[in-house]
Amino acid sequence: MDAGLLQHAEAPLRKGGGGRISLFVQSFLAFEWPRRQPLVLALALCAGAAWYNSAWIEPPLIGIASTFAMLLAVYGLMRRIALVPRIFGLVVLILLGFSAGALSGKLAVMRTAVPTIAAPTGPVMLEGWVEDVESAKRGVRLRLLVHAIDGLPASQTPDHVRLTHTNSLEVESGRFVRCWSVLRPPPAPVIEGDYAFHRQAFFERLGGVGYVQGRCRGGTLGKPAGLADQARLKVAEWRRQLAHYVYRAAGERAGGFAAAVASGDRSFIDSADQDALRGSGLAHLLAISGLHMGIVGGLVYLMVWRGLALIEPLALRIAVQKPAALAALCASGAYLVLSGASISTQRAFIMALVLFGAILFDRAALSLRSLAIAMIAVVILAPWSVLTPGFQMSFAATGALIATYEAWQRRRRQDGQMGRRSPAFWAKSLFMTSLVSSLATAPFAIYHFERFAGLGLIANLFAMPMISLVSAPLAGASLVLSPFGLSGVPLRLFGYSLEWVLWVGHVFSNLAPDEVSQSIPMPAGALAFFSLAMVLAMMCQGWQWRAALFLVFSLAGALLWAMTPHAGIHWAPNGAVYLVDQTGHVDIVQLVDGDGLAPLRYADRPVLDDCRSTVCRRQVGTAQIVLMGAEQAQRCPEASLGQGALSCADADLWAEVREAGGLSWRLDGGVLARAKRMPCGVRPWAPCLSRSLTRSDE
């Protein structure tokens, strides 16, 4: 903003009125507002995109666009008027960013129109090309570019499907295959609060999921018609070859881990190792994100920069850090393509682009402004990703680290310690990085995964020095030596270093208490308070204000979390009933024979009792729940839930469960109340599905 606005904002400070809170707000707007505007805009964009993608209605384009245009005009006019209260400018900027985020989400939906499987069907012959191979608890998951599905016209054939393949895989990425498959639409949330996979599938152009009966076999059809599809399949083929090579070269014990780090292909890593990394707080090493992109780009930047600096005639004439930044950008772009270009990798590349671009244009490379630019770019390109755990955790960790190190640098500058880099400094940096990133990502891990790696901080302190000081240089050396056919030795040593990381993961996963993974579900409102606490702590100056605001909003989130009713009942289309008490404990009983899906939240938990042919009584809070199978409830449709709120008088309750894809009831004050569900047909990723259809019905 201009000097006139600054003088106008400072006037109340000189008069000394307004109290301490007013003084803080005015001083914050006066001295931090110009520097914080991009971050405020970015956060408002995220809020608008999150609102659009989670709303229970489809906001009209004309309403969103007209609101955005009006606020843009107001903001432009405000910048031309000298004496505008800065608090008014803050409000207008937030509203402008919110409407821009909603508009970005609307435009993303309009450009993502893909056919979807209308109803469960199969077994049916499916033909297509293998685009990707992902790990699964049983076998692997194949992402296929669909050529044709038997019995479906081209207008109703989805572009992509994902199939679980449990037998030995005899085909690779890029290959044309024919699979005898059972297909269903991308699953919607089975119970209240479950993850909305169907929304993610919509934006990933995934029109169906299912499994393979037998195995996929190679066919003779050539390449797809489109050049873009051909390019994607070729990259997928290279990526799979890279994963195979790294897997063999790094050794049997850590080969799968090395392949996941190098190519993003997790199909080779053992499921026990994945669980250990997840339980110890080291699962972030598997996702191709900021850490991996930073290692690749940082190594290339350092090698080129130091190499050019040794050429004296060149180093005296040009700023050698700029060609080094350009080389690092090229390496990061190549890594983006070879690693599969997932959403998390795209976010990491945008941040690398901002960082190295700042070096090219003589700007501060790491700052909250660069973080804001990266966030704005991601929201514009992929607005649906703001609701994903990867987006939230990566930006939360990065923002918290930047704010922490900015404050640390100011303190060191005041103490005259900027030139000192003792071993104690690096030890403190490692501890601070692990502590801040763990605390910043903890609320999101608890909200999305209902687990928190209680020993994650200690596990990272043991593992990250090996990753940073040993694994990363060895990976860089194998990259440099690969054109000469000499990458085998550094890759084997790379595997040895990752074996240490796996050992750390297993040790701390076994030491972690089991109760940490059985936490009470966090409501979205509590997560909003925790997020606001971190944002205000990052944006404010002075440790007193940071600590005070962080504690106030964190306590508000914790209070909301504690006051939210947690006890309830979930009846899923797989026929199981999930009874949750106030402490978060889940009792799972099988009530009827269902062919649907289990809730993602409880998919790994076993069924404890069978109530299909008997009467089961369970206590949920203060309510006594009676579960009757079909044989015991002849007058009921097939089953019933008793104790007044739900009984045999409910007509065809099991049919309603199947039709709705699951029903939930909350226990509030000893009374069961049915939880509301998003109606089908309102949002484009949640269509009203047809009646279940199989080949035997035809």
Side-chain angles (χ1 to χ4, degrees), residues 130-136 140-143 168-175 233-274 276-277 282-300 303 331-342 344-345 348-349 463 466-505:
V130 180
E131 280 191 327
D132 196 12
V133 182
E134 305 171 359
S135 61
V140 295
R141 294 193 185 103
L142 305 179
R143 181 183 172 93
S168 59
L169 186 64
E170 298 179 354
V171 294
E172 296 292 345
S173 298
R175 181 71 186 275
L233 289 177
K234 193 63 179 178
V235 170
E237 183 180 350
W238 290 342
R239 181 186 175 207
R240 187 67 175 175
Q241 291 174 356
L242 174 63
H244 270 293
Y245 175 71
V246 173
Y247 173 70
R248 292 192 298 266
E252 181 179 358
R253 178 67 189 92
F257 191 8
V261 172
S263 67
D265 189 335
R266 304 187 193 180
S267 60
F268 294 99
I269 189 170
D270 187 72
S271 59
D273 290 338
Q274 291 194 63
L277 293 173
L282 298 175
H284 62 92
L285 298 175
L286 288 175
I288 305 297
S289 57
L291 173 65
H292 306 78
M293 194 68 70
I295 289 174
V296 171
L299 282 174
V300 172
M303 289 189 295
S332 300
Y335 190 46
L336 169 72
V337 174
L338 285 178
S339 62
S342 64
S344 61
T345 315
F349 176 73
M466 178 66 71
I467 292 291
S468 303
L469 302 178
V470 180
S471 302
L474 288 171
S478 64
L479 176 66
V480 173
L481 296 175
S482 59
F484 309 101
L486 302 176
S487 61
V489 173
L491 276 178
R492 188 67 188 94
L493 296 176
F494 178 57
Y496 284 135
S497 68
L498 294 182
E499 289 181 18
W500 162 263
V501 178
L502 288 176
W503 179 82
V504 170

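Position 1 is the first residue of the sequence; numbering continues from there.
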Taking ring pair (Phe, Tyr, Trp, His ring centres under 6.0 Å) as the definition, give me every residue that meets it alongside F268, ordered by chain and number, with sequence neighbours left out. H244, Y247

Looking only at heavy atoms, the pair that brings L242 and A262 closest together is CD2-O, 4.0 Å

Search all heavy atoms of F494 against all heavy atoms of S471 and return the closest pair with its distance. CD1-O, 3.5 Å

Given L277 and F257, is the side-chain contact (heavy atoms from CB on, under 4.5 Å) satisfied, shown in steps? CA-CA 10 Å; L277 293 173; F257 191 8; 4.2 Å; yes

D273: which residues meet the side-chain hydrogen bond (donor to acceptor under 3.5 Å, both in side chains) condition with it, sequence neighbours left out? R253, H506

What's the shortest heavy-atom distance between P490 and S478, and which atoms? CG-CA, 3.8 Å

Find out whether V246 and S263 are in side-chain contact, i.e. whether some heavy atom of one side chain is under 4.5 Å from a heavy atom of the other. no

Residues in ring pair (Phe, Tyr, Trp, His ring centres under 6.0 Å) contact with W503, at least two apart in sequence or another chain: W500

Of all residues at least two apart in sequence or in a different chain, which pass the side-chain hydrogen bond (donor to acceptor under 3.5 Å, both in side chains) check with S332? none

Heavy-atom check, side chain of V337 versus side chain of W238, under 4.5 Å: no

Gap separating the CG atom of L282 from the CD atom of Q274, nearest 0.5 angstrom: 13.0 Å

Is there a side-chain contact between L142 and V133, using heavy atoms and a 4.5 Å cut-off? yes

Do Y245 and L491 have side-chain heavy atoms sitting under 4.5 Å apart? yes

Grab the two heavy atoms, one from G495 and one from A254, that are nearest each other, plus how far apart they are. O-CB, 3.4 Å

As an exercise, state the distance from CD of E499 to OG of S497, rounded to the nearest 0.5 Å. 8.5 Å

Give me the atom names and distance for the closest heavy-atom approach of V261 to Y335. O-OH, 2.6 Å

Counterpart residues, side-chain hydrogen bond (donor to acceptor under 3.5 Å, both in side chains), relative to S267 (two or more places apart): R240, D265

Non-neighbouring partners of E131 that pass side chain to side chain contact (heavy atoms under 4.5 Å, CB included), sequence neighbours left out: R143, L145, H160, R232, L233

